[in-house]
A.B. asks: 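Questions regarding the structure given below will be posed in turn.
Residues: numbered from 1 along the sequence shown. Order of appearance sets the numbers: ligands from 1, and atoms from 1 within every ligand.
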Amino acid sequence: MHILMVCLGNICRSPLAEGIVRHLADAENLDWTIASAGTGDWHVGQPADKRSIAIAKTYGYDISKQRAQHFNSKMLEDFDLILVMDKSNLRNVLNLAKDAEQRKKVRLFLTDDLEVTDPYFDDLLFDPVFKIIENRAKQLIEELKSE
Ligand code: 4NP
């Protein structure tokens, strides 16, 4: 299973989703490839936002070695599942999909049509955003490991 997490900058939300899902999948000996990317290219090559690195560390995850990359259309071929944080990401990713098979791979990370709020402009959002992502990550592992 190759899973790509996508947000806007690839420094706050999707690096958390990448690091948490990878950690949980590894703990279950699942041979998955987890990556993340941003629909914007401003932070390419940079580590995650220091607030994301810090909140992950607080809860026992190390995301400090991950580096931001820019989402591109080849990722729609290379990954089985592309999980996006909000509806703007969804539109941007779907715009690059070339057929129904690729569109089918793209979903919101959360269930029930919910979005992961962008915490970039509010330090206080990093803790709740972490918890929302971690909860959903645990659910995802259960959902996907039987596939
Ligand atoms: P992310 O948050 O999409 O969760 O990584 C953002 C990070 C950076 C910017 C916007 C959102 N930015 O405008 O640079």
A.B. asks: Hey, does H43 sit under 4.0 Å from ligand 1 if you only count heavy atoms?
C.D. replies: yes
A.B. asks: If I compare all heavy atoms of K105 with all of L76, which pair ends up nearest, and what's the gap?
C.D. replies: NZ-O, 2.8 Å
A.B. asks: Which residue, T58, L125, I55, forms the side-chain contact (heavy atoms from CB on, under 4.5 Å) with F130?
C.D. replies: I55
A.B. asks: Salt bridge check, D127 against K131: does any charged N sit closer than 4.0 Å to a carboxylate O?
C.D. replies: yes
A.B. asks: In terms of hydrophobic clusters joined by side-chain contacts under 4.5 Å, are L144 and L30 together?
C.D. replies: yes
A.B. asks: What is the minimum heavy-atom distance between D80 and H2, and which atoms define it?
C.D. replies: OD2-N, 2.6 Å
A.B. asks: Please check whether F121 reaches ligand 1 - meaning an N/O of the residue sits under 3.5 Å from an N/O of the ligand, judged on distance alone.
C.D. replies: no
A.B. asks: Between D118 and ligand 1, which part of the residue brings a heavy atom under 4.0 Å of the ligand: side chain, backbone, both or neither?
C.D. replies: side chain
A.B. asks: Would you say ligand 1 has an N or O under 3.5 Å from any N or O of R13?
C.D. replies: yes
A.B. asks: Could you give the distance from CD1 (I82) to OG (S36), rounded to the nearest 0.5 Å?
C.D. replies: 12.0 Å
A.B. asks: Considering the heavy atoms of L8, write down every atom of ligand 1 situated less than 4.0 Å from one of them.
C.D. replies: 3 (O), 10 (C), 11 (C)
A.B. asks: Indicate whether any N or O donor in one side chain lies under 3.5 Å from an N or O acceptor in the other, for N95 and N92.
C.D. replies: no
A.B. asks: Would you mind checking which non-hydrogen protein atom is closest to atom 1 (P) of ligand 1, with the distance to 0.1 Å?
C.D. replies: C7 SG, 3.5 Å
A.B. asks: Does any N or O of ligand 1 fall below 3.5 Å from an N or O anywhere on N10, backbone included?
C.D. replies: yes
A.B. asks: Have a look at ligand 1 and work out which part of D49, if any, has a heavy atom under 4.0 Å from it: side chain, backbone, both or neither.
C.D. replies: neither
A.B. asks: Which of the numbered atoms in ligand 1 are below 4.0 angstrom from a heavy atom of C12?
C.D. replies: 1 (P), 2 (O), 4 (O), 5 (O)
